[in-house]
Each structure stands twice: as structure tokens, then as C-alpha cells.
Number of protein chains: 2
Amino acid sequence: MILEVRADLAPERRERMRNLIRKAGVARVEDLKSDLKVSVATVRRDLEALEEEGRIRRVHGGAVSMESRLEEEVFDDKANLALKEKRLIAEEAFKLIGTGDSIYLDGGSTVLELARLLAGRTDLTVVTNSLRAAAELAESGPRVILTGGELRRLSQTMVGPLTRVLLGQVRLDKAFMGTMGLSIDDGLTTTDPNEAFTKSLVQEHARQVILLADARKAGKISFARVSDLESVDILISDKNFPAKTARALRKRGLKVRLA
Amino acid sequence: MILEVRADLAPERRERMRNLIRKAGVARVEDLKSDLKVSVATVRRDLEALEEEGRIRRVHGGAVSMESRLEEEVFDDKANLALKEKRLIAEEAFKLIGTGDSIYLDGGSTVLELARLLAGRTDLTVVTNSLRAAAELAESGPRVILTGGELRRLSQTMVGPLTRVLLGQVRLDKAFMGTMGLSIDDGLTTTDPNEAFTKSLVQEHARQVILLADARKAGKISFARVSDLESVDILISDKNFPAKTARALRKRGLKVRLA
DNA sequence: TTGGTTTTGATCGTTTTTGATCGTTTTTGA
DNA sequence: TCAAAAACGATCAAAAACGATCAAAACCAA
């Protein structure tokens, strides 16, 4: 029997296996076999060990991770709806960030795309109320400060009056905000009053407020009012944004950029 | 037998070995052999010595560093082997929770097991600084309030002075705490000073402090001091907990339960 | 130098890990 | 519902790693 030179230590290999399963959520035995370059027998033994540790759960054909990830974007249609536009908007927003900036990341899928771009920026301080954004930066990257507050399940954000106290303690150079609705007459609106309260609080604190909103948000009005349009400094949207609305916004002093 | 001129003294070689393992995180015996130009027997003897010093942990085929990953459970499968005990401890702790209680969940894998049991309890309010506990309860279950603060990557918890403000605003019936070390003389200790600060703050605020610690933690002393043993009301551990230590704790007024 | 101690490397029987085989169980799809 | 296919677990043999032991080499003090 010819055994190959062992490439790595058993704990090291299990760690890699663990990460593979955690990142993908699930993994098949055959995939792990070829990824880790070991036999199925070894994969099974490792899976057994990881299950014993409670990190995964074995299922026929492979294993699923027990280490819950905050983000389940895969099944989230809303996030994928205008993904391309959101990426472009995020990239445009990224350009505004300077070295050493202290920035705020709001909840919402567009801002989440921006968070993904920040994984390598160790020079920044990121304040956020979004668990998903935090999860995105949890491995490495900028200094992350979470606002605290009550967890709102739908948006996976921390909201409410408890947030206020912490926000008073930090400096925010730039706040990158999302929104549900953007209307000339009604300003920024969102679904939940607590969420709205937190957003408005942030906008008061930040030196510069940058709104990331794809074109579909234009003209929409949601339930809870966040703020006037005047409290926004820069709006970043995509090419589909209605020109008429853009003009009206510029007239009110907002800078509008269409990525 | 021909031995080469010894290139370096034994302590110097061990120092180099230590650094090699620390830098890579892991190292194979064969690699160390060729790197240090000594026989495998010597490598093994050195590894044995370094393990005795607690700097590394030997595994089949090589060794894993214990230094940069400071005894935390990142690479440490041995610590997580106690999953069964942790589950039992968590179940015991679960019994202490009354209807409508407002409880605090600390970081750490044992407390995380408790969090998993709370998914159905919509009557509770859970305050936590642990992102993993929050993720566990993110789908459904109790009202969740996060403390906020700076994200500590290794433990995935929010720590530091910013936490203080929010803790002052909530009532905590019971705080379920984890720990790295539990010693009669040195009390509760953990690796990170910020983490220790947050823990002690919580313990001051909570009406009742319940410590969840598997037997492994008994007698261990870590870097940063959290509090005296006296600030703990109830300790829940497993059957392997040293009887002598349990007696000493009871003498000091703690209730000790072994699941 | 010399004699004694410590350190090192080689040898060898034992243990651990790994991969292949094979009968059994589970899943899939007609 | 039944049969083929896939996945599984148990078992065994090969290979690598291990620990104990012993002798040679290096070291050290007189």
C-alpha cells in the first residue's frame, strides 16, 4: 500500500474542513475528499470527530454546519434582486472612504455590499448596528464597534432607544445609510419606528451622511419616517434613478452620484 | 556514530523551535527535524519539554502552538471534546430560568449551549454580548438585546468601556457567565482585560450570577482577573469537578451543582 | 588528559493514523 | 414499490509516528 506524504496535521485538516463546511453551510463527503486530498474514510472519521465536538451535524452524503452564520443571503430574493446595481453603488461609496476614517454602516443589503469591500481595510473603524455587516467583518479587517440595542429579527439590526447611549460616545466621519423609501415630499422612510429612530439618531451624529439607495427606492414611501432629505449629504444610486428626482434632490443641496 | 558539531545550545534550539511553531501555528516533526538539523528523537524530546511548559500542544505528527491562540478554543479540539459535559451543564442551568426572566448570556461555548436551549422561550428577555449567542437566537425565540461595544474577534463578543452605558439601562435577573480559569486563590480569570472588564460589570449589575464551567476550568488561572469567587452565586459544573475545590467553594457560600 | 555526566542519535517493538475492501443501510428514481 | 446506485460502517493491512532503551558523542570539572 502506498501512502502519500502526509500534507498536514490532523487537527489542521479538521480545522480546514470545519471552515469549509461553515463557509458553505453544507458540504458533501466527495467534495471534502477532493478538497482535502484524503480518502473518504478519513473524511468520515473527521466528520465524526467534528460532530462529537458539536461543530457540525452529519447527514447522509455529507454534513451541515452547526456554527450559525448571520447571513443567509442565498435564499434572500430581495438582496439578489438588484445585486449588480447594489455592487456598483457600493463600489462608488467605497471611493469616498479615506484612510483612518471612522464610518457607520447601516443595515440593508446595499450597505452590506459595502461592508464586503471593507474586509481588508485595517485602517478603518466601523460602527454598525447590523449583525450581518458585523459577521462580514468578523474574521478580519477594520476595528468593529457594535451599537447594541434590541435585535430586530427581520433586518438583523440592533435598534431602539438603547442605541442612543453608545452613539453619543463615538465620532462618525461618514455614515452610510440604507432606506426603504425615498420621497421628495416625505423624505426618508422605513418600515419599523424603532429602526427609524436609530437611523435618525445616527444621521444627527455623523459629520457626513451618505445614502445608498438603488433606483427602486425612488418615490417609495414606507411607514415610519426617518428624516428630511436635507439631512443627507450625498446620495449614491444607479443609472436607472429617475432624472427628475435627481434634479429635485440636487436643487435641495444634495450631491447625487449615479454609479 | 558521528555527531556533527552542535550548532547551538539546547535552550537556543528550543527557542527557535518555539518560534517556528508559533509563527506557523502548527509544525510537523519532519519539518522541524530538517529545519533544525537534528534527529527526530531530539525533536520529540524538545516538543515534550515545550509541552511541559505549556507553550505547545503535541499532536500525532507534530505540534500545535498554544501561544498566539492563547488557550482559547480556536484550534483546541481537546477543550471542545467536553461537549457532552457542556450540554449537561447547560441543561442544568436551563432549569434555573423562570417565566419572564431577564437573563444575561456571556460568551463561551458552554453558555452557547444554553443559548441553543432558549430558541423556543418567547417569554424571556436575553441580554448578551456574544454574537454567536445572538446568531443562535436570531431566527426566533426570546427578545434579544445586544450590549454593543468593540468586537473582539477571537471570542466573537462585544467588550470594553462602551458596554457600560447600555448595561446601566437594563435589569438582569440572572447572569449566566463563562470563564477561562477558576481558582480558589485567584478567583475568576480570562485572557483579555477588556473581556474581564465587561464580565465584572455584568456581575455587578445582575441580581444573581450563575457560573457555567466544566471541570477543566478548575484550578486554571488565566491572564486577566475578572472577580472574586464571592461574586458568584451558583456554580454549575460536571461530575469530574474536583471534590476538594467544590468543598472550598461551598465553604465560601457558593452553591455548587454538578450536572 | 581522565572520569563522570549530559545530550544526542539509532534501533526496535508498539501505537496511531490512514486507505482499501466488503457487506449493509439509505436514498433515488423508475 | 422495488431495484439500482450511492453512502455508510466495520474491519484489516500498510505506513507513519511514537516511546523506551541503549550506546556513542559532547561536555565539564578536576
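Every chain is numbered from 1 and lettered A, B, ... according to where its sequence line falls, protein lines coming before strand lines. Everything numeric in this text was worked out from a predicted model, so none of it was measured.
Between A:T42 and C:dG19 there is a side-chain N or O to OP1 or OP2 distance below 4.0 Å. Between A:R58 and D:dG9 there is a side-chain polar atom (N or O) within less than 4.0 angstrom of OP1 or OP2.
Comparing D:dA17, C:dT8, D:dC8 against the side chain of A:V29 picks out D:dC8 as the nearest. In the set D:dG9, C:dG19, C:dT8, the nucleotide with an atom closest to the side chain of A:A41 is C:dG19. Looking at the side chain of A:S39, the nearest of the listed nucleotides C:dG9, C:dA20, D:dC18 is C:dA20. Among the nucleotides C:dT18, D:dG9, C:dT17, the one closest to the side chain of B:H60 is C:dT17.
Using a 4.0 Å heavy-atom distance criterion, A:V40 is classed as making no nucleic acid contact. Among the heavy atoms of the strands, none lies under 4.0 Å from B:V43.
By the 4.5 Å heavy-atom criterion applied to side chains, B:R87 and B:L117 are not counted as neighbours.
With rounding to whole Å, A:D46 atom CG is found 17 Å from C:dT16 atom P. Atom CD of B:E12 is separated from atom P of C:dT8 by 12 Å (rounded to the nearest Å). Straight-line distance from the CD atom of B:E48 to the P atom of C:dT7: 14 Å, rounded to whole Å. At whole-Å resolution of the value, CZ in A:R28 and C1' in D:dC8 are 16 Å apart. The interatomic distance linking B:R44 (CZ) with D:dC18 (P) rounds to 4 Å, in whole Å. Rounding to whole angstrom units, CG of residue A:L9 and C1' of C:dT17 are separated by 12 Å. Here the P atom of nucleotide D:dA6 and the CD atom of A:E30 are 10 Å apart, to the nearest Å. We find that CE of B:M17 is positioned 13 Å from C1' of C:dT8, with the value rounded to whole Å.
With a 3.5 Å ceiling on both atom-pair distances, the Watson-Crick or G-U wobble partner of D:dC28 is C:dG3. Pair assignment for C:dT27 gives D:dA4, based on Watson-Crick or G-U wobble hydrogen-bonding distances that are each under 3.5 Å. Using the Watson-Crick or G-U wobble rule with both distances under 3.5 Å, C:dG9 pairs with D:dC22.
Of the residues near DNA chain D, A:R45 and A:G62, the one whose nearest nucleotide (by heavy atom distance) lies more toward the 5' end is A:G62.
B:S227 and B:Q203 are linked by a side-chain donor-acceptor pair at a separation below 3.5 angstrom, with hydrogens and angles left out of the test. A:R16 and A:N19 share no donor-acceptor pair across their side chains, judged by distance under 3.5 Å alone.
Atom CZ of B:R257 is surrounded by 12 or fewer heavy atoms from other residues, nucleotides or ligands within 6.0 Å.
Comment: A:R45 does not engage A:E48 in a salt bridge, judged by the lack of any side-chain N to carboxylate O separation of less than 4.0 angstrom.
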